[in-house]
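Step one of this worksheet: look at the structure below.
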Amino acid sequence: MAATPFELKGKSVYVAGHRGMVGAALMRRLVQENARLVILERSEVDLRDQAQVFDWFAKARPQVVFLAAAKVGGIKMVEAYRSQYGSDFISVMPSNLYGPRDNYHPEYSHVVAALIRRFHEAKVADKRSVVVWGTGAPRREFLYVDDMADACVHLMKTYSGADLVNIGTGEDITIGEFARVVADIVGYRGEITFDTSRPDGPPRKLLDVSRLAKLGWRAKTSLKDGIQQAYQAFLTSGND
């Protein structure tokens, strides 16, 4: 359901996970709302320690909280707290995210960061070809992280329903096509080959974003613009 319009201006806002990709994007977005950002460093409070967390919340009393690191268990917890205590919690589910502060680790990164790094290193080393895992046929949806943050702020201001809200672009692209977009933006001009011995995963992952569209929000950043910005962030990140 729609909420009574909620103003963030002047509110004290705490973003748990503010140094991560999503949390940092939320911090950038919240500055535009003129919110009072509450910064809590790991050295101050161990968020795994319930007593420390309760004590800090009792003292700081933030009016708005964004938890930028929730997994499925966190979503279920939110549903339970909402049901049991009437807490005004909402949950969102994003599609594949990318952008500044992504993880570019050569072994543990997701597909967007992995391809950016792979094509960049191939360009620098003047490699003749780059191998992409799988057939390239599966279709995936990709969302620029600042759009994710914008959607979260929009929902905080306009939504108060119990149903989880998907956040995505509503559009997908094959991995093969996506790899060529990344290669072009990075400036890699060699051959792209596909290792068909590697698993493809599900043939398609595309979120239904109709609920969010009805609430008046759509993603603003095109795939090419988002990848361009992500690549520039990669170049200034130390590439690690």
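FYI, side chains are in, hydrogens and waters are out, and symmetry mates aren't considered; it's all heavy atoms of this structure. Model, not experiment: these values are computed from the prediction.
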*Are Leu97 and Val15 linked, directly or through other ILVMFWY residues, by side chains that come within less than 4.5 angstrom of each other?*
yes
*Mind checking side-chain contact (heavy atoms from CB on, under 4.5 Å) for Ala230 and listing every partner two or more places apart, or none if nothing turns up?*
Tyr98, Ile116
*asked:* Is there a path of hydrophobic side-chain contacts, each under 4.5 Å between heavy atoms, that joins Val131 and Val112?
replied: no
*Answer yes or no: is there a side-chain heavy-atom contact under 4.5 Å between Lys205 and Asp172?*
no
*Angle class for the Tyr81/Tyr85 ring planes (parallel below 30°, perpendicular above 60°, tilted otherwise)?*
perpendicular
*ILVMFWY cluster, Ile39 and Val31 together (side-chain gap under 4.5 Å)*: yes
*Under 4.5 Å between side-chain heavy atoms, chaining through other members, with only Ile, Leu, Val, Met, Phe, Trp and Tyr counted: pull out the rest of the cluster around Val65, sorted by chain and number.*
Tyr14, Val38, Leu40, Val45, Leu47, Val53, Trp56, Phe57
*asked:* Arg101 vs Val145, test: side chain to side chain contact (heavy atoms under 4.5 Å, CB included). Steps then yes/no.
replied: CA-CA 10 Å; Arg101 297 210 181 189; Val145 70; over 6 Å; no
*asked:* Side chains of Asn103 and Ser109: any donor to acceptor distance under 3.5 Å?
replied: no
_Electrostatic pair Lys11-Glu33, nearest N-O below 4.0 angstrom_ = no
*Quick one: ring pair (Phe, Tyr, Trp, His ring centres under 6.0 Å) pairs with a partner in residues 21-40, sequence neighbours left out?*
none
*Can you find a pair of side-chain heavy atoms, one from Trp217 and one from Leu215, that are under 4.5 Å apart?*
no
*Closest contact, heavy atoms only, Gly168 versus Ala219*: O-CB, 4.2 Å
_Pro100 and its side chain to side chain contact (heavy atoms under 4.5 Å, CB included) partner, picked from Met21, Gln232, Arg28, Gln229_ = Arg28
_Exceeds 12 heavy-atom contacts within 6.0 angstrom, atom NZ of Lys123_ = yes
*asked:* Any non-hydrogen side-chain atom of Glu79 less than 4.5 Å from a side-chain atom of Gln84?
replied: no
_Side-chain donor or acceptor of Glu141 paired with backbone N/O of Leu207 under 3.5 Å_ = yes
*Does the pair Phe89 and Ile75 meet the rule for a side chain to side chain contact (heavy atoms under 4.5 Å, CB included), with working shown?*
CA-CA 10 Å; Phe89 293 162; Ile75 293 172; over 6 Å; no
*Contacts of type ring-ring contact (aromatic ring centres under 6.0 Å, His included), residue Phe66, not counting sequence neighbours*: none
_Side-chain heavy-atom pair Ile173, Arg140 within 4.5 angstrom cut-off_ = no
*Beyond-backbone contact of His120 with Leu235, side-chain heavy atoms, under 4.5 angstrom*: yes
_By the definition side-chain hydrogen bond (donor to acceptor under 3.5 Å, both in side chains), identify the one residue from Thr169, Asp150, Asp225 that meets it with Lys220._
Asp150
*Determine yes or no for a side-chain-to-main-chain donor-acceptor pair under 3.5 angstrom, with Ser12 supplying the side chain and Gln63 the backbone.*
yes
*Give a yes or no on whether a salt bridge exists between Lys59 and Asp55, defined as a side-chain N under 4.0 angstrom from a carboxylate O.*
yes
*May I ask whether Leu206 and Ile167 are part of the same hydrophobic cluster, defined by side-chain heavy atoms of I, L, V, M, F, W, Y residues being less than 4.5 angstrom apart, directly or through others?*
no
*Do Leu155 and Val209 sit in the same hydrophobic cluster, where Ile, Leu, Val, Met, Phe, Trp and Tyr count as joined when their side-chain heavy atoms come under 4.5 Å apart?*
no
_Looking at His110, I want to see if its NE2 is surrounded by more than 12 non-hydrogen atoms of other residues, nucleotides or ligands under 6.0 Å._
no
*Which residues pass the side-chain contact (heavy atoms from CB on, under 4.5 Å) test with Phe54, sequence neighbours left out?*
Gln50
*Ion pair present between Asp88 and Arg82, side-chain N to carboxylate O less than 4.0 angstrom?*
yes
*Check against side chain to side chain contact (heavy atoms under 4.5 Å, CB included), Ser91 and Val165*: CA-CA 6 Å; Ser91 297; Val165 180; over 6 Å; no
*State, without any angle test, whether Asp200 and Trp133 hold a side-chain donor-acceptor pair at a distance under 3.5 Å.*
no
*Flag the pair Leu26 / Cys152 as yes when at least one side-chain heavy-atom distance between them is below 4.5 Å, and no otherwise.*
yes
*Partner set under ring-ring contact (aromatic ring centres under 6.0 Å, His included) for Phe194, not counting sequence neighbours*: none
*asked:* Using the rule given for side chain to side chain contact (heavy atoms under 4.5 Å, CB included), can you reason through Leu8 versus Lys157, listing the C-alpha separation, both sets of side-chain angles and the distance that settles it, and then say yes or no?
replied: CA-CA 7 Å; Leu8 285 168; Lys157 294 165 69 175; 4.0 Å; yes
